[in-house]
Structure formats: C-alpha cells, structure tokens
Enquirer: 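I have a structure I would like to understand better, so I am pasting it below and will then ask my questions one at a time.
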Amino acid sequence: MKPQDLDEVQPRPPVQLLEDDPEISSVEQVTIQTLEELNVKREMAAKALLINHSVMVREVNRHNCVNELLSLYKDQNIVNCKLLLSFQGEDAAGDGVRREVYSVFWDNFVSSYCEGCSHFTFSVSAALSQDDFVAIGRLLSHQYI
C-alpha cells in the first residue's frame, strides 16, 4: 500500500457510525457547553499567567526533596514564578509531577520535622532556622495558589 492510497483522517467519525447513536439530551448539551467555556477560561488564565509571571524550571532529587525545596523557596521572588518541577532521572513533567514533588516533600518533612499522631505541628528545633520557616510559609502559600 502506498501513502497516497490512504484516506485522509477526518475530525469526526463517519456518518454511518453515528446514525444509531442516541440524540444528545439538553442536559448533556449544557454540560458540553459549560466544559468548553471552562476550557477557554483555563487557556486564558494560563496565557495570562505566562505573560505576567516568569517560568522557573527545576529538577529535584527525590531523596533530598526537603532540603532542595527549602533552599529553592528561600528566594522570595519564587512566589511570582510559575514553577515547573521534575525529578532527576525521571522523564516526566507537568502539574501531576509538581503535585508529586509537593507530596514527597510533605511526607518527608512531616516524618522528619513534625510532631503528632493525627494532627501534625512543626517542632521547633535547631534543625530548622527562621529562614526555613519563612521558606515553608512561601511553599505553603505558593502550593495553595
């Protein structure tokens, strides 16, 4: 078979495949329209974020995540940046990886620097400086936003 023998791929399935499908209800139409509007708003917000903020790309060592993020968040300008994180030696990036980095950070931080069984509080010790607590506050607010 030659490449010119192949049919062009269409953006919609052929009519024959769609003729037995039930009609879309008004509720489904509203849902589809709402989702399309939300996607447009998300795209606009993402573009505005890229225009108004710089993007910072960092690789984090999974086993030294606490120290690396604390040193990263000691820079007060980080809250004005969109942060793109990835783990060293792993081929992945994006929002899911950023959430994973924060999860690994909090799992390790809580086990090392917090006290409590069901509710955790930071333990005040010589292991954490005042700059570390400021960095943790920036990390919390940046993660929340």
Side-chain angles (χ1 to χ4, degrees), residues 1-14 17-18 21-22 24-145:
M1 181 179 278
K2 298 177 186 173
Q4 62 267 22
D5 294 339
L6 298 175
D7 291 335
E8 186 177 320
V9 176
Q10 301 297 318
R12 295 194 53 160
L17 292 177
L18 298 176
D21 285 353
I24 296 175
S25 69
S26 60
V27 173
E28 290 174 325
Q29 288 176 346
V30 169
T31 303
I32 291 170
Q33 182 179 0
T34 304
L35 289 174
E36 288 173 353
E37 291 171 2
L38 282 174
N39 282 334
V40 168
K41 287 181 183 179
R42 286 184 187 121
E43 288 175 14
M44 289 172 50
K47 287 178 186 176
L49 183 66
L50 289 176
I51 290 170
N52 296 329
H53 299 290
S54 60
V55 176
M56 186 181 290
V57 179
R58 292 288 186 268
E59 274 193 342
V60 177
N61 184 328
R62 184 180 284 274
H63 306 290
N64 193 25
C65 187
V66 172
N67 293 331
E68 289 187 20
L69 280 183
L70 284 178
S71 65
L72 180 65
Y73 274 92
K74 286 182 181 175
D75 176 15
Q76 78 183 71
N77 293 324
I78 194 159
V79 293
N80 296 324
C81 298
K82 177 172 173 60
L83 195 57
L84 297 176
L85 296 171
S86 65
F87 285 114
Q88 290 175 350
E90 297 182 20
D91 295 330
D95 292 336
V97 175
R98 184 173 58 234
R99 288 191 298 269
E100 174 72 12
V101 169
Y102 288 137
S103 294
V104 169
F105 171 83
W106 286 115
D107 286 343
N108 293 332
F109 183 83
V110 165
S111 65
S112 300
Y113 299 107
C114 295
E115 298 174 353
C117 294
S118 61
H119 299 307
F120 297 99
T121 182
F122 300 145
S123 60
V124 179
S125 69
L128 292 174
S129 68
Q130 187 171 355
D131 290 339
D132 290 331
F133 283 105
V134 172
I136 292 166
R138 284 191 190 117
L139 191 146
L140 270 170
S141 61
H142 198 223
Q143 181 181 357
Y144 178 75
I145 292 170

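All of these numbers come straight from a predicted model, not from anything done at the bench. In what follows, every heavy atom counts, from backbone to side chain, and hydrogens, waters and symmetry copies are set aside.
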Enquirer: Atom CG of L70 and atom CG of D131: how far apart are they, to the nearest 0.5 Å?
Expert: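 Spacing of CG (L70) from CG (D131) equals 10.5 Å.
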
Enquirer: Tell me the ring pair (Phe, Tyr, Trp, His ring centres under 6.0 Å) pairs involving residues 89-108, sequence neighbours left out?
Expert: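 Applying ring pair (Phe, Tyr, Trp, His ring centres under 6.0 Å) to every pair that reaches into residues 89-108, excluding sequence neighbours, yields F105-F109, W106-F109.
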
Enquirer: Do you know which two heavy atoms are closest between V101 and C65, and how far apart they sit?
Expert: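 Smallest interatomic distance, heavy atoms only, reads O-SG, 3.6 Å.
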
Enquirer: Considering residues at least two apart in sequence or located in another chain, which fulfil the ring pair (Phe, Tyr, Trp, His ring centres under 6.0 Å) criterion with H142?
Expert: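 Ring pair (Phe, Tyr, Trp, His ring centres under 6.0 Å) check on H142 returns Y73.
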
Enquirer: Considering residues at least two apart in sequence or located in another chain, which fulfil the side chain to side chain contact (heavy atoms under 4.5 Å, CB included) criterion with Q29?
Expert: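 Per chain and number, Q29 pairs via side chain to side chain contact (heavy atoms under 4.5 Å, CB included) with I24.
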
Enquirer: Between CD of Q143 and OG of S103, what distance do you get to the nearest 0.5 Å?
Expert: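 The distance works out to 7.5 Å.
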
Enquirer: Which pairs with one or both residues in residues 27-37 pass salt bridge (Lys or Arg N to Asp or Glu O under 4.0 Å), sequence neighbours excluded?
Expert: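 Output for this query is empty, none listed.
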
Enquirer: Show me the pairs that pass salt bridge (Lys or Arg N to Asp or Glu O under 4.0 Å) and involve residues 98-113, at least two apart or across chains.
Expert: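 Qualifying pairs, neighbours excluded: R62-E100, D95-R98.
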
Enquirer: Return the minimal non-hydrogen interatomic distance between M56 and I78, and the atom names on each side.
Expert: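 Minimum heavy-atom contact is SD-CD1, 4.1 Å.
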
Enquirer: Which pair of non-hydrogen atoms, one from S86 and one from A92, has the smallest distance, and what is that distance?
Expert: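 Shortest heavy-atom contact: CB-O, 3.3 Å.
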
Enquirer: Under the side chain to side chain contact (heavy atoms under 4.5 Å, CB included) rule, collect the residues that match up with S112, sequence neighbours excluded.
Expert: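 Once residues adjacent in sequence are excluded, S112 has no partner under the side chain to side chain contact (heavy atoms under 4.5 Å, CB included) criterion.
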
Enquirer: Please list, chain by chain and in numerical order, all residues satisfying side chain to side chain donor-acceptor pair (under 3.5 Å) with N64, sequence neighbours excluded.
Expert: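 So N64 forms a side chain to side chain donor-acceptor pair (under 3.5 Å) with N67.
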
Enquirer: Residues two or more places apart in sequence or in another chain: which of them pass side chain to side chain donor-acceptor pair (under 3.5 Å) with Q76?
Expert: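 Expected list: none.
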
Enquirer: Taking side chain to side chain contact (heavy atoms under 4.5 Å, CB included) as the test, write out the residues that go with S111, two or more places apart.
Expert: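 Residues passing side chain to side chain contact (heavy atoms under 4.5 Å, CB included) with S111: none at all.
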
Enquirer: Could you tell me which residues satisfy side chain to side chain contact (heavy atoms under 4.5 Å, CB included) with S71, sequence neighbours excluded, listed by chain and number?
Expert: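 Side chain to side chain contact (heavy atoms under 4.5 Å, CB included) check on S71 returns nothing, list empty.
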
Enquirer: Got a sec, which residues hit side chain to side chain donor-acceptor pair (under 3.5 Å) with D132, two or more places apart in sequence or on another chain?
Expert: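 Applying side chain to side chain donor-acceptor pair (under 3.5 Å) to D132 gives K74, S129.
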
Enquirer: Decide yes or no for L83 and L72: does some side-chain heavy atom of the first lie under 4.5 Å from some side-chain heavy atom of the second?
Expert: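 In contact.
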
Enquirer: Could you work out, with side chain to side chain donor-acceptor pair (under 3.5 Å) as the rule, every residue matching N39, not counting sequence neighbours?
Expert: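 Per chain and number, N39 pairs via side chain to side chain donor-acceptor pair (under 3.5 Å) with R42.
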
